[in-house]
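Here the structure is laid out as structure tokens; the discussion comes afterwards.
Both ligands and their constituent atoms are indexed starting at 1 by order of listing.
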Amino acid sequence: MELLSQFKLLRPSSVAEAIAARAGKSGARFLAGGTDLLTNMRHGLVQPEILIDLGGVAELRGISHDAHDAHDGQVLRIGAGTTLQQLTTDPLLRDTPALIEAALAIAGPTHRAVGTVGGNLCLDTRCQFYNQSDSWREANNFCMKIAGDTCHVAPKSDRCYAAYSGDLAPALMVLGAVAEIAGPSGVRHSPLAEIYADDGIAYLTLAPEEMLVAVRVPLVANRRGLRGLRSGYQKIRVRGALDFPLAGVAVALRCENNQLHDLRVAVTGADSRPLLINGLDALCGIALNDALAQLDKLLRKQVGPMETSITPAAYRRRVLPVLARRVIGRLIAADAE
Ligand SMILES: Cc1cc2nc3c(=O)[nH]c(=O)nc-3n(C[C@H](O)[C@H](O)[C@H](O)COP(=O)(O)OP(=O)(O)OC[C@H]3O[C@@H](n4cnc5c(N)ncnc54)[C@H](O)[C@@H]3O)c2cc1C
Ligand code: SF4
């Protein structure tokens, strides 16, 4: 691993100061827990001239039940600076087990102690030709994502297919999370899925001067409320105790009379963005086996892994429906208890 490049460290104590510190500085980056950014800097993947350390911004940390929202009722607000470890232990998350399972599946305990929700959601995309040392990439003529002209995964392509590989986003997406984003012109809200773009290089739709402040999870997800909405997350990875997802699936559902209702499925580790699967309404209220068979087809059609990881894309395409069936089976079994 190479030495870190030189950078200036700024330590704002409020969101407003952090936004002001970032304004007009293209070479600046926000630094949260640093578990991904500092590794990438050591690999020469990014060389920011300025790091804006968010660690001193107290208003970014913590989980709370917000006052009633005009449309959604009560909301769980999770600050972007909240650590992954806190997600795994906070009693306020008892109705959203997918979040706990996803957080527990991220890296190892020491990473979770400092790694944050914001850093996880804004994670750089990953590829076997990109997450390498500078000398490795130079020996392979670099690639389009950084310093090169072509893509080794799809040489005729004019885009990068590096995969979004965070675990939290799909779990938040099936729970209907909304991103709270601060920028020079104030605060705006966006469905979490919309902060991502299907592009391995420009993978976030946030403007460079914007930062993620929090995610808001509606606790009244529809007219019947969260009560009865079961959720879960499962991933496959090379080393069970540590690794990024080769593929991960989050599910939220209600089950009545052995039929699925309110089914939501989201996937990570395959495309350049976490993907909320479309067309699931048609699977609700029909025989479970038929619904699962249709879900297999929807997943195969909508998810498009490329050879961005050491595991063949074909394997990831096949394992996603298996993971989805496993999570659904587990949630239905828990419902029957
Ligand atoms: C060995 C190892 C294993 C790992 N395994 C996993 C894994 O299994 N699953 C997984 O999901 N991740 C994994 N990671 C990646 C990382 O540890 C986690 O994703 C962690 O949550 C990142 O959070 P952080 O606070 O450390 O982010 P940082 O590294 O500080 O930042 C990551 C990116 O987010 C940006 N950012 C941070 N906060 C904000 C904000 N509020 N607004 C806008 N941009 C922001 C930064 O500028 C940077 O680009 C692993 C890392 C390592 C080193
Ligand atoms: S998908 Fe292609 S351009 Fe993107 S990181 Fe991998 S090799 Fe590079």
Side-chain angles (χ1 to χ4, degrees), residues 15 18-19 22 28-42 45-46 48 51-55 57 60 79-85 87 102-108 110-132 137 140-155 157-171 179-183 195 199-201 203-204 206-215 235 237-246 248 268-269 272 274 306-309:
V15 169
I19 300 288
R22 182 76 173 83
R29 292 289 284 264
F30 293 121
L31 172 73
T35 57
D36 196 61
L37 183 57
L38 295 179
T39 311
N40 289 351
M41 285 171 65
R42 279 193 184 278
L45 298 172
V46 276
L51 286 182
I52 302 165
D53 180 5
L54 301 177
V57 184
L60 287 176
T82 307
T83 64
L84 302 169
Q85 184 181 318
L87 289 192
L104 275 171
I106 295 170
T110 48
H111 300 96
R112 294 197 290 272
V114 290
T116 64
V117 170
N120 191 265
L121 294 175
C122 297
L123 205 57
D124 194 1
T125 53
R126 297 181 64 79
C127 173
Q128 58 174 329
F129 296 100
Y130 173 69
N131 296 100
Q132 302 287 353
R137 284 179 288 110
N140 288 281
N141 289 330
F142 296 102
C143 77
M144 196 195 295
K145 185 157 158 77
I146 179 170
D149 306 321
T150 54
C151 170
H152 303 305
V153 167
S157 172
D158 59 358
R159 62 155 284 193
C160 163
Y161 290 93
Y164 177 80
S165 305
D167 287 295
L168 273 186
E180 191 177 314
I181 298 156
I195 76 164
D199 181 328
I201 298 173
Y203 49 91
L204 290 179
L206 301 187
E209 293 170 354
E210 287 185 319
M211 67 185 285
L212 188 65
V213 173
V215 279
K235 73 195 246 191
R237 49 185 162 178
V238 176
R239 296 167 295 182
L242 192 68
D243 273 324
F244 287 89
L246 295 169
T268 188
S272 294
M306 302 285 282
E307 301 290 339
T308 52
S309 83

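With hydrogens left out, the protein atom closest to atom 44 (N) of ligand 1 is Cys122 SG, 3.5 Å, a heavy atom. Regarding atom 5 (S) of ligand 2, its nearest protein heavy-atom neighbour is Cys127 CB, 3.5 Å. Scanning all protein heavy atoms for the shortest distance to atom 32 (C) of ligand 1 gives Gly119 O, 3.6 Å. Regarding atom 2 (Fe) of ligand 2, its nearest protein heavy-atom neighbour is Cys151 SG, 2.3 Å. The shortest contact between atom 26 (O) of ligand 1 and any protein heavy atom is with Thr35 OG1, 2.5 Å. Residue, atom and distance of the protein heavy atom nearest to atom 42 (N) of ligand 1 are Leu212 N, 2.9 Å. The protein atom (non-hydrogen) at minimum distance from atom 18 (C) of ligand 1 is Asn120 ND2, 3.7 Å. Nearest non-hydrogen protein atom to atom 28 (P) of ligand 1 is Gly34 N, 3.5 Å. At the shortest separation from atom 1 (S) of ligand 2 among protein heavy atoms lies Tyr161 N, 3.2 Å. With respect to atom 7 (S) of ligand 2, the closest heavy atom belonging to the protein is His152 N, 3.4 Å.
Annotation: Tyr203 places no N or O atom under 3.5 Å from an N or O atom of ligand 1; distance criterion only. The shortest N/O to N/O separation between Ala107 and ligand 1 falls below 3.5 Å. Checked by distance only, ligand 1 and His111 stay at 3.5 Å or farther apart across all their nitrogen or oxygen atoms. At least one N or O atom of Ala32 sits closer than 3.5 Å to an N or O atom of ligand 1. Geometrically, ligand 1 and Arg237 share no nitrogen or oxygen pair separated by less than 3.5 Å. Checking only distances, Gly115 never comes within under 3.5 Å of ligand 1, N or O to N or O. The shortest N or O to N or O distance between Pro245 and ligand 1 is not below 3.5 Å. An N or O contact shorter than 3.5 Å is missing between Thr39 and ligand 1 by distance. Some N or O of Leu37 is nearer than 3.5 Å to an N or O of ligand 1, by distance alone. Checked by distance only, ligand 1 and Glu210 stay at 3.5 Å or farther apart across all their nitrogen or oxygen atoms.
The shortest non-hydrogen separation linking Ala18 to Leu54 is CB-CD2, 3.9 Å. Looking at every heavy atom in both residues, Cys122 comes nearest to Leu206 through SG-CD1, 4.4 Å. Heavy atoms only, all atoms of each residue included: Pro245 and Ser165 are closest at CD-O, 3.0 Å. For the pair Ala179 and Val215, the tightest heavy-atom approach, listed with the atom from each and the gap, is CA-CG1, 4.4 Å. Across all their heavy atoms, Ala105 and Arg237 have their closest contact at O-NH1, 2.8 Å. Between Tyr203 and Asp124 the shortest heavy-atom distance is CE2-OD1, 3.1 Å.
For atom 8 (Fe) of ligand 2, the N/O/S atoms of Cys143 include one lying under 2.8 Å.
Here the CD1 atom belonging to Ile19 is positioned 5.0 Å from the CZ atom belonging to Phe30, to the nearest 0.5 angstrom. Atom CD1 of Ile106 sits about 13.0 Å away from atom CG of Asp243, to the nearest 0.5 Å. We find the SG-CD1 distance between Cys151 and Ile201 to be 9.0 Å, quoted to the nearest 0.5 Å. Between the CZ atom in Arg112 and the CG atom in Leu104 there is a gap of 5.5 Å [rounded to 0.5 Å]. Here the CG atom belonging to Asp158 is positioned 13.0 Å from the CG atom belonging to Asp149, to the nearest 0.5 angstrom.
In this structure a side-chain-to-backbone donor-acceptor pair under 3.5 Å is present from Thr268 to Gly166. Looking only at distances, no side-chain donor or acceptor of Asn120 sits under 3.5 Å from a matching main-chain atom of Thr116. A donor-acceptor contact shorter than 3.5 Å is absent between the side chain of His152 and the backbone of Met144. A distance-only check finds a donor-acceptor pair linking the side chain of Ser272 to the backbone of Ala162 [under 3.5 Å]. Using a distance-only test at 3.5 Å, with no hydrogens or angles considered, no donor-acceptor pair links the side chain of Lys145 to the main chain of Leu45. A distance-only check finds no donor-acceptor pair linking the side chain of Arg137 to the backbone of Cys143 [under 3.5 Å].
Here Leu168 has no heavy atoms under 4.0 Å from ligand 1, in either its backbone or its side chain. Residue contacts with ligand 1, taken as heavy atom pairs separated by less than 4.0 Å, involve Lys235 solely via side-chain atoms from C-beta onward. Residue contacts with ligand 1 for Val213 are absent, since no atom lies close enough (heavy atoms, distance under 4.0 Å). Both the backbone and the side chain of Cys160 come within 4.0 Å of ligand 2, judged by heavy-atom distances.
Among Leu242, Val46, Asn40, Asp167, the residue whose heavy atom lies closest to atom 10 (C) of ligand 1 is Asp167. If you check each of Arg29, Met211, Arg239 against atom 48 (C) of ligand 1, the one with the closest non-hydrogen atom is Arg29. Between the choices Phe30, Tyr164, Phe244, the shortest heavy-atom distance to atom 50 (C) of ligand 1 belongs to Phe244.
Close approach of ligand 2 to Met144 (heavy-atom distance below 4.0 Å) involves ligand atoms 3 (S). Against a heavy-atom cut-off of under 4.0 Å, Gly33 is close to the following atoms of ligand 1: 24 (P), 25 (O), 26 (O), 30 (O). For ligand 2, the atoms lying closer than 4.0 Å to a non-hydrogen atom of Tyr130 are 5 (S). Every atom of ligand 1 with a heavy atom of Leu84 under 4.0 Å away is listed here by number and element: 21 (O). Those atoms of ligand 2 with a heavy atom of Lys145 less than 4.0 angstrom away are 3 (S), 5 (S). Each of the following atoms of ligand 2 lies closer than 4.0 Å to a heavy atom of Ala162: 1 (S), 4 (Fe). With ligand atoms numbered from 1 in the order given, ligand 1 contributes 10 (C), 11 (O) to contacts under 4.0 Å with heavy atoms of Ser165. Ligand 1 places these atoms under 4.0 Å from at least one heavy atom of Gly166: 11 (O).
For the pair Gly108 and ligand 1, no heavy-atom separation below 4.0 Å is found. At a 4.0 Å cut-off, not a single heavy atom of Asp124 sits close enough to ligand 1 to count as contact. Judged by the shortest distance from any of its heavy atoms, Ala105 lies inside the 4.0 Å radius around the atoms of ligand 1.
With a 4.5 Å cut-off on side-chain heavy atoms, Pro208 and Arg22 count as touching. By the 4.5 Å heavy-atom criterion applied to side chains, Asn140 and Gln132 are not counted as neighbours. In this structure, Thr308 and Thr125 have side chains that are not in contact, with every pair of non-hydrogen atoms separated by 4.5 Å or more. Looking at heavy atoms from C-beta onward, Leu168 lies in side-chain contact with Leu84 at the 4.5 angstrom threshold.
Under the 6.0 Å distance and 45° angle rule, Arg126 does not count as a cation-pi partner of Tyr130.
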